[in-house]
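Please read all numbers here as calculations on a predicted model, not as lab measurements. Note that the numbering runs from 1 along the sequence shown for the chain.
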Amino acid sequence: MVEEPYKVLLVEDNPGDARLVEIALSEPGPLPFSLERVGLLSAALRRLEKEKFDVVLLDLSLPDSQGLDTVVAVRKQNPEVPVVVLTGLDDERSSVEALHMGAQDYLVKGTATGETLRRTIRYAVERRKILDDLKALRENGQDDKTSLRAALAAYRQMLNGRSAIFEDVDQPLKERKPRFVEEIAELYAELMDDYLGDGVRQSPDPRIAHLVMRLREESAGARDVVEIHTRALQRELSKGELAAQKGVAINAQVFVVEVLGRLLSLYKREGVASSL
């Protein structure tokens, strides 16, 4: 059975950079890609209004838009489509800030191999699918534990079990650093509460990046994240009325997927998942 190609919208005005992406996505591999290129943000917004794409590869320096405003405009036009930022070596800081504003990932032009580009697109698309599946589970009345197990299973399948984020160490974090787990669970609960608000936010809180960095410093894996998530959720469920508790339990699934996705992206950029 031939898989449907990933529909990729490349927003890039430099013909040379665009050609490199085209070559990378045309290389033989398990997943086919269908690439469409535009050179202006305005043209990209028109295409996103009329057509459904699996991912947007977005240059931050366009003739009609510069910097983070470019990310904001794309996410405003289509909050659902995954965005991977393409950046120059001198603009990597802006790309990290773009992650805080909802971009899925970023790549530095001229340094990413074709394999890295294809893998990054796959991660971005699969993470979006996981969020869509969670939404469907919530709408069908699935409980929090069932949905969370489904999300983790989807991540494991996406990674084929070969990334260190799911290679849990012999001693879990709660045994290695019990005080850290208690401290980070408190921070996690605070961020989760802010993130959810009156409903799941479209724009991730920049403080989540700090949380993920602290998890990375302690080599946290999926089991550790779930432990911290469970403790934080218990804190939240100890507050409020029953209806509010149910809402927190259901929507918190999206927050843990956000944390897992960011942690995975961080490991990937450090080369942990380079064998995928």
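Interatomic distance, CG of Leu263 versus CD1 of Ile208, reported as 12.5 Å (0.5 Å rounding). A distance of 11.5 Å separates CG in Leu41 from CG in Asp13, rounded to the nearest 0.5 Å. Taken from CG in Leu86 to CG in Leu60, the straight-line distance is 8.0 Å, to the nearest 0.5 Å. Expressed to the nearest 0.5 Å, how far CG of Leu117 lies from CG of Leu107 amounts to 6.0 Å. If you take CD1 on Ile121 and OG1 on Thr116, they are separated by 11.0 Å, rounding to the nearest 0.5 Å. Leu211 contributes atom CG, which lies 14.5 Å from atom CZ of Arg216 (distance to the nearest 0.5 angstrom).
When the options Asp54, Val21, Leu25 are evaluated for a side chain to side chain contact (heavy atoms under 4.5 Å, CB included) with Phe33, the one that passes is Leu25.
Side-chain atoms of Glu12 do not come within 3.5 Å of backbone N or O of Ala18 as any donor-acceptor pair. A donor-acceptor contact shorter than 3.5 Å links the side chain of Asp224 to the backbone of Leu173.
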Exercise for the section: Give the C-alpha distance, both sets of side-chain angles, the deciding distance and a yes or no for side chain to side chain contact (heavy atoms under 4.5 Å, CB included) between Val11 and Asp59. Expected result: CA-CA 6 Å; Val11 190; Asp59 183 18; 5.7 Å; no

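Remark: Arg119 engages Glu115 in a salt bridge, criterion side-chain N to carboxylate O under 4.0 Å. Checked for salt-bridge contact, Lys7 and Glu51 meet the test: a charged N lies under 4.0 Å from a carboxylate O.
Take Glu182 and apply the salt bridge (Lys or Arg N to Asp or Glu O under 4.0 Å) test, not counting sequence neighbours, and it matches Arg231, Arg235. Residues satisfying the salt bridge (Lys or Arg N to Asp or Glu O under 4.0 Å) criterion with Arg46, sequence neighbours excluded, are absent altogether.
Of all the heavy atoms in Pro5 and Ser34, the pair that sits closest is CB-N, 3.9 Å. Smallest separation of non-hydrogen atoms from Ala232 and Ala185: CB-O, 3.6 Å. Summarising the geometry of Gly39 relative to Leu62, their closest heavy-atom pair is O-CD2, 3.9 Å, with the distance given to 0.1 Å. Scanning both residues, Val85 and Val71, for their nearest heavy atoms gives CG2-CG2, 4.0 Å. In terms of heavy-atom proximity, Pro82 sits nearest to Ala124 at CG-O, 3.6 Å. Here the closest heavy-atom approach between residue Phe53 and residue Val8 is recorded as CD2-C, 3.9 Å.
Side chain to side chain, Asp64 and Ser42 meet the donor-acceptor criterion of an N or O pair below 3.5 Å.
Remark: Lys177 NZ is loosely packed, at most 12 non-hydrogen atoms of other residues, nucleotides or ligands lying under 6.0 Å away.
Annotation: side chain of Tyr6 is not in contact with side chain of Arg118 (no heavy-atom distance under 4.5 Å). At least one side-chain heavy atom of His210 sits less than 4.5 Å from a side-chain heavy atom of Leu187.
Transitive grouping of hydrophobic side chains (ILVMFWY, heavy atoms separated by less than 4.5 Å) keeps Leu57 and Leu40 in distinct clusters. In the hydrophobic cluster analysis, where Ile, Leu, Val, Met, Phe, Trp and Tyr join through side-chain heavy atoms closer than 4.5 angstrom, Leu20 is grouped apart from Leu10.
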